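Lettering follows sequence order; numbering is per chain, from 1. Only a predicted model underlies this, so the values are computations on that prediction, with no experimental measurement involved.
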Number of protein chains: 2
Amino acid sequence: MSALQSDSGVTLWRKVADSIEREIAQGGYPAGEKLPGEVELATAHRVNRHTVRRALAALAERGLVRAERGSGTYVEPGRIAYPLRSRTRFSEIVGAGGREPRAQLLGASREEATRELARELDLPVGAPLIRIDGLRLADRAPICVGSTWLSAERFPDAEELYRRFGSMTKLLAHHGIRDYRRASTRITAAIADAGDAARLDLGIGRPVLIVEGLDVDAKGRPLLSIRARFAAERVQFVVETE
Amino acid sequence: MSALQSDSGVTLWRKVADSIEREIAQGGYPAGEKLPGEVELATAHRVNRHTVRRALAALAERGLVRAERGSGTYVEPGRIAYPLRSRTRFSEIVGAGGREPRAQLLGASREEATRELARELDLPVGAPLIRIDGLRLADRAPICVGSTWLSAERFPDAEELYRRFGSMTKLLAHHGIRDYRRASTRITAAIADAGDAARLDLGIGRPVLIVEGLDVDAKGRPLLSIRARFAAERVQFVVETE
DNA sequence: TCAAGTTGTCTGTGATATTAGACAACTTCA
DNA sequence: TGAAGTTGTCTAATATCACAGACAACTTGA
């Protein structure tokens, strides 16, 4: 009877991948940090470079690392679990993850309601709207860039209020709306264009999640229409159905 | 970029082994039960028979199953953890494992102390001894067969007492010895001979653990010399050193 | 602009895993 | 005694893993 191999039935590249993942999890390589080069990893693990590549490919497929040709392989920050419930507050979600939420006003303007926005907000086509463009970050990493539309007749001072508070929740509260909720959220995905890439600090060609949301007040009347683009590699939406 | 194989870096035989082990652990195949044939396991797991054999070999090496040529592959009962401490009581150890301990008297006889037994029991060579042969079982499975020697002068009625109580502890208590302890235990291993095989319900060629023990009273005076042979596949000694 | 360092891709080789089939050796049961 | 079913062993072919080397494509920094 030939001796059974002492191996445990796990391929070599898997062992290397597990080892690297363990190091990342233990903080050996902080998020955003560059991993040692493939050759260095290979010698460190006493393994062929191709085996390291196989391990890194597995980690990359899971979104734990990202390889940049000619530069290096970088540790991706863990994706923020972004639960989609009736109460969807960016700052709470990010804060719950132990990160510091920030919002940055990119601009504001007045627009007339397109047919689609009018239908969503239950206003006549061409009704005056205020559009607020903003960027949201967690620990300095851009999470999403998006626009919010609201009725200019109902919230004429929206731009000024948002600029003052930096929070949509407080803006609404100032108008006596203590409670509002997310009525619907539609999600799709696309590839980052030049604008996304610049504002979300993404490589062109990276995926973005496209979200269309509608917030309503306690009585179900539409308040805000939201269109946002999320850096897919930093966010993971969580939809809990019952 | 070619798609990464959806495999997880675990060899096929290992997956099969894990699957079978899981079924055993969940009670799908009770201890002593025959597993389905290799061909049946192969078709059930949609895998080649040789792959199943590789999986079974891994399980057999760990002592979880035992293959019998021409008959089948059987689930081994989990080995009894047999701690070796100063208080080593068979019934307590087996009972702690949720099994029912039983002892069976095989015979008794008078002997004269050999040089080795005399040294151990601190008696003159040729001193009269009583030898008690017994079999110990857990849930009807033979665990060990062994002999106990004690001084015929100090315990002249040993055979009758053991026959009455079926317990060495009670035998000693009847002589006013409330406490005794294991002074030393020496362990080695051998292959089951025909006698072992018959009494321990083992296949010839299976390993047995050979134990030589000395029990002493509270003052350290020798009481019993024990030589026993354990079915290695049903027992695992646990020695805790401090 | 250039050199150094990085990841991406290709070819090839040997070892191992897996599949496939056949037969021997053995046990069980009618 | 014989048939059926079991595990043990052998040969062979294919697929995948891991190693090895070379070069292309790209990034970075001097």
Separation of C/dT7 atom C1' from A/K34 atom NZ, nearest Å, is 11 Å
In short, salt bridge (charged side-chain N to carboxylate O under 4.0 Å, His left out) pairs touching residues 24-41 of chain B with sequence neighbours left out are B/E38-B/R49, B/E38-B/R53
*Thinking salt bridges, do B/E120 and B/R186 make one under a 4.0 Å N-O criterion?*
yes
### Query
Are OP1 or OP2 of C/dT19 and a side-chain N or O of B/T51 less than 4.0 angstrom apart?
yes
Per-nucleotide protein contact along nucleotides 20-30 of chain D, 5' to 3', at a 4.0 Å heavy-atom cut-off (B base, S sugar-phosphate only, - neither), is BBB--BBB---
Inset, instruction - Verify side chain to side chain contact (heavy atoms under 4.5 Å, CB included) between A/L224 and A/M168, making sure each step is shown before the conclusion. - result: CA-CA 9 Å; A/L224 313 170; A/M168 204 60 70; 3.5 Å; yes
When rounded to whole Å, the CG to P distance for the pair B/L12 and D/dC17 reads 12 Å
Whole-Å distance, A/E38 CD to D/dC19 P, equals 14 Å
5'-most contact on DNA chain D (nearest-nucleotide basis), B/R53 vs A/R14, goes to B/R53
Separation of D/dA4 atom P from B/E40 atom CD, nearest Å, is 19 Å
Q) For D/dT7, does OP1 or OP2 lie under 4.0 Å from any side-chain N or O of B/T73? A) yes
- Task: Inspect the contact between A/R22 and A/D18 and indicate whether a charged nitrogen and a carboxylate oxygen are less than 4.0 angstrom apart.
- Result: no
A/R54 atom CZ is separated from D/dC17 atom C1', nearest whole Å, by 10 Å
So CD1 of A/I130 and CH2 of A/W149: to nearest 0.5 Å the spacing works out to 13.5 Å
B/L35 atom CG is separated from D/dG5 atom C1', nearest whole Å, by 16 Å
- Lys/Arg N to Asp/Glu carboxylate O, B/E116 vs B/R227, below 4.0 Å: yes
Rounded to whole Å, the CG-P distance (B/L41 to D/dG5) equals 16 Å
